[in-house]
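Heads up, the thing below is written out as structure tokens.
Whatever order the structure lists ligands and atoms in, that order sets their numbers, starting from 1.
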Amino acid sequence: MGGWRILAVTALMVGLLSRGAMAQAPEGEFADQECVKCHLEKSPAVVEQWRASEHGAPDQPVTCVDCHGGLHKLSAQKARPNGACIRCHDREGAIVHSYRTSKHGVIARLERVAWDWTQPLAEGNYRAPTCAYCHLHSGGHDVGAIITSRSPKARDKTEEVCADCHSPRFITTYLTTGERMYQIGLMKVREASALVERFRKTGPDEDALADMDKAYEKMKSVHLKNLLLGIAHQSPDYQWWHGHPALDGDLIRIKSIYMESAR
Ligand code: HEC
Ligand code: HEC
Ligand code: HEC
Ligand code: HEC
Ligand code: HEC
């Protein structure tokens, strides 16, 4: 038998087997513990990845039912659109807004009605990525797998996701520029931190120090995060409006408080 025949027969068998397996999926409705128990047998990787992720936090997990609903009918379709995530990930917050102001978010918003949500989130099935396309790529349930600050493997994983739609050269350029842009953000925060500490030691007046601390806190916890999300979610708005210019504003404010009191 020629190689192509073996391939064709294997493909047919895989097709039949997977259809057979789907036919076995009981209708439900199921409670969350039932999903976990049965899928620990049927698809152990899914359950293990979910458990190891932030969503699997034992005290207050984001459950299977939260994303898929309690029935098998349409269970995957329900989880793919952005609504499944935005419901919890603050509609008005920077996480969602940075995505919405990206080209991906704009395309998804304009075209999502025409998309066939029965299809897996994979190459060729969608023109632009949804939240789940990037964070649950190829059905992986470790939603943090592409968070570079967490794991050295994340950059490879991210490149894999982008490669469904972009050329290797575009991806390398974009990600490397992003990393450099974030390093510059960190430098600005370090410069501000050094000024605040020097100011604190020289015995300044309380009000000026409180103003400085406030500006520094905002810089670190809001504007640096905006920059990170601008890079992560490819939003020029978050990179160049809510990100770097906002960090510059904070640094100028901190410097001017310092200079005023030094006079
Ligand atoms: C008694 C066993 C059993 C229980 C309970 C169960 N499932 Fe399944 N599930 C299956 C089988 C079998 C399949 C088909 C083969 C596969 O994908 O693993 C399946 C498939 C799926 C799929 C893939 C569907 C697709 O279109 O690709 C999802 C998503 C899913 N189940 C989610 C859930 C959720 C959520 C629950 C709880 C509400 C649940 N399952 C409860 C056995 C179960
Ligand atoms: C029921 C609420 C809920 C739903 C639905 C939900 N999330 Fe989450 N998500 C959380 C909580 C809670 C956390 C952990 C705390 C935090 O980061 O806010 C989290 C964390 C995350 C993280 C950070 C992971 C890390 O390692 O830091 C990502 C990424 C994420 N979710 C993506 C998604 C995506 C994509 C979807 C939709 C497919 C989704 N979430 C649906 C509540 C939810
Ligand atoms: C944050 C939302 C979210 C949570 C929580 C979640 N899933 Fe999923 N799941 C998805 C999305 C989105 C897909 C579709 C992935 C795709 O199309 O590639 C999916 C796909 C699946 C599939 C099909 C996998 C495949 O490779 O085709 C199974 C089975 C599944 N989920 C089971 C579960 C079970 C069991 C749980 C609970 C332990 C769970 N999911 C928790 C969002 C979620
Ligand atoms: C094009 C791919 C892509 C899309 C689409 C996407 N994300 Fe992300 N997201 C990322 C990357 C990459 C990071 C990690 C940045 C880093 O290295 O810390 C991230 C980070 C996050 C984080 C963690 C932020 C933190 O506090 O550290 C959350 C939560 C999140 N995304 C949720 C979402 C939600 C919700 C959506 C949809 C509204 C979405 N993402 C769409 C790629 C994507
Ligand atoms: C499902 C397909 C798909 C995936 C996956 C995807 N993109 Fe895109 N991306 C697009 C489309 C379509 C556009 C809009 C057309 C264009 O500008 O090329 C776009 C635009 C962009 C832009 C804006 C380019 C510009 O000219 O304004 C950047 C930056 C970008 N993507 C980066 C990424 C990164 C980084 C990843 C991986 C984390 C990624 N994309 C994943 C489809 C995708």
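Proximity of a side-chain donor or acceptor of N82 to a complementary backbone N or O of T130 within less than 3.5 Å is not detected. In this structure a side-chain-to-backbone donor-acceptor pair under 3.5 Å is missing from H244 to I184. Under a 3.5 Å cut-off, the side chain of R80 and the backbone N or O of T118 do form a donor-acceptor pair. Side-chain atoms of E34 come within 3.5 Å of backbone atoms of A31 as a donor-acceptor pair (strictly under, hydrogens ignored). Remark: the backbone N or O of F199 is paired with a side-chain donor or acceptor of T202 at under 3.5 angstrom. Between the side chain of H72 and the backbone N or O of P26, at least one donor-acceptor pair lies under 3.5 Å. Side chain of R87 to main chain of D66: a donor-acceptor pair is present (N/O by atom type, distance under 3.5 Å, no hydrogens or angles). The backbone N or O of Y238 lies less than 3.5 Å from a partner atom in the side chain of S235, making a donor-acceptor pair. Counting only distance, with no hydrogens or angles, the side chain of R100 and the backbone of R109 share no donor-acceptor pair below 3.5 Å. With hydrogens and angles disregarded, a donor-acceptor distance shorter than 3.5 Å links the side chain of D32 to the backbone of C64.
Only the side chain of I107 comes within 4.0 Å of ligand 5, counting heavy atoms alone; its backbone N, CA, C and O stay farther away. Contacts between A84 and ligand 2, counted as non-hydrogen atom pairs separated by less than 4.0 Å, involve the backbone only. Residue contacts with ligand 5, taken as heavy atom pairs separated by less than 4.0 Å, involve Y174 solely via side-chain atoms from C-beta onward. Under 4.0 angstrom from ligand 2, the non-hydrogen atoms of I147 all belong to its side chain.
Protein N/O/S atoms found under 2.8 Å from atom 8 (Fe) of ligand 5: H104 NE2, H166 NE2.
Residue contact annotation: G28 has no non-hydrogen atom under 4.0 Å from ligand 1. In this structure, A79 falls outside the shell of residues with a heavy atom less than 4.0 angstrom from ligand 1.
The T158 neighbourhood of ligand 5 comprises atoms 38 (C), with distances under 4.0 Å to a heavy atom of that residue. Those atoms of ligand 5 that come under 4.0 Å of a heavy atom in V161, given as number and element, are 5 (C). Ligand-side atoms of ligand 5 in range of Y126: 1 (C), range being under 4.0 angstrom from any heavy atom. Interface of D66 with ligand 2, defined as ligand atoms under 4.0 Å from a residue heavy atom, comprises 1 (C). Close contacts of ligand 1 with G69, meaning ligand atoms under 4.0 Å from a residue heavy atom, involve 35 (C), 38 (C). For ligand 2, the atoms closer than 4.0 angstrom to any heavy atom of C131 are 35 (C). Counting the atoms of ligand 1 from 1 in the order shown, those under 4.0 Å from a heavy atom of E34 are 5 (C). When each atom of ligand 1 is checked for a heavy atom of C64 under 4.0 Å away, the hits are 35 (C). Below 4.0 Å from some heavy atom of G70 lie the following atoms of ligand 1, by number and element: 38 (C). Heavy-atom proximity to G144, at under 4.0 Å, picks out these atoms of ligand 2: 26 (O).
Ring planes of H166 and F170: parallel class, angle under 30° (limits at 30 and 60°). Using a 30° and 60° split on the angle between ring planes, Y126 and Y133 fall in the perpendicular class, above 60°. H89 and H55 have tilted rings, their planes meeting at an angle from 30° to 60° on a 0 to 90° scale.
Smallest separation of non-hydrogen atoms from T177 and T173: OG1-O, 2.6 Å. In this structure, H68 and S75 approach most closely via the heavy-atom pair ND1-O, 2.8 Å. Between A192 and I254, the shortest heavy-atom contact is CB-CD1, 3.8 Å. Nearest heavy-atom pair across W117 and R112 is NE1-O, 3.3 Å. Summarising the geometry of N226 relative to A94, their closest heavy-atom pair is OD1-CB, 3.7 Å, with the distance given to 0.1 Å. Considering all non-hydrogen atoms of both residues, S102 and H233 come closest at CB-O, 3.1 Å.
By the rule that hydrophobic residues join a cluster once side-chain heavy atoms approach within less than 4.5 Å of another member, L195 and Y216 end up as members of one cluster. The cluster map of Ile, Leu, Val, Met, Phe, Trp and Tyr, joined by side-chain heavy atoms under 4.5 Å apart, puts L175 and V161 in different clusters.
When hydrogens are left out, the protein atom nearest atom 15 (C) of ligand 2 is E54 OE1, 4.1 Å; that is the closest non-hydrogen contact. What sits closest to atom 27 (O) of ligand 2 on the protein, heavy atoms only, is R150 NH2, 3.1 Å. When only non-hydrogen protein atoms are considered, atom 36 (C) of ligand 2 lies nearest to C85 SG, 2.8 Å. The protein non-hydrogen atom at the shortest distance from atom 11 (C) of ligand 2 is V62 CG2, 4.1 Å. If you check which protein heavy atom lies closest to atom 42 (C) of ligand 5, you get R127 O, 3.4 Å. Protein heavy atom nearest atom 18 (O) of ligand 2, with residue, atom name and distance: H89 CE1, 4.5 Å. Remark: minimum distance from atom 22 (C) of ligand 5 to any protein heavy atom is reached at F170 CZ, 4.0 Å.
Not a single N, O or S atom of H135, from either the backbone or the side chain, sits less than 2.8 Å from atom 8 (Fe) of ligand 2. One of the N, O or S atoms belonging to H72 lies under 2.8 Å away from atom 8 (Fe) of ligand 1. Put simply, C88 stays out of reach of atom 8 (Fe) of ligand 2, with no N, O or S atom under 2.8 Å from it. Atom 8 (Fe) of ligand 1 lies under 2.8 Å from an N, O or S atom belonging to H39.
Of the N or O atoms in H55, one or more lie within a sub-3.5 Å distance of an N or O in ligand 2. Between H68 and ligand 1, a contact under 3.5 Å exists for no N or O pair.
Of the protein's heavy atoms, at least one falls inside 4.0 Å of atom 25 (C) of ligand 5. Shown here, atom 38 (C) of ligand 5 is in close reach of the protein: a heavy atom of it lies under 4.0 Å off.
The 12-atom threshold is exceeded at NZ of K78, counting heavy atoms of other residues, nucleotides or ligands nearer than 6.0 Å.
For atom 12 (C) of ligand 1, the candidate residues are K37, E29, K42, E41; the nearest heavy-atom contact is made by K42.
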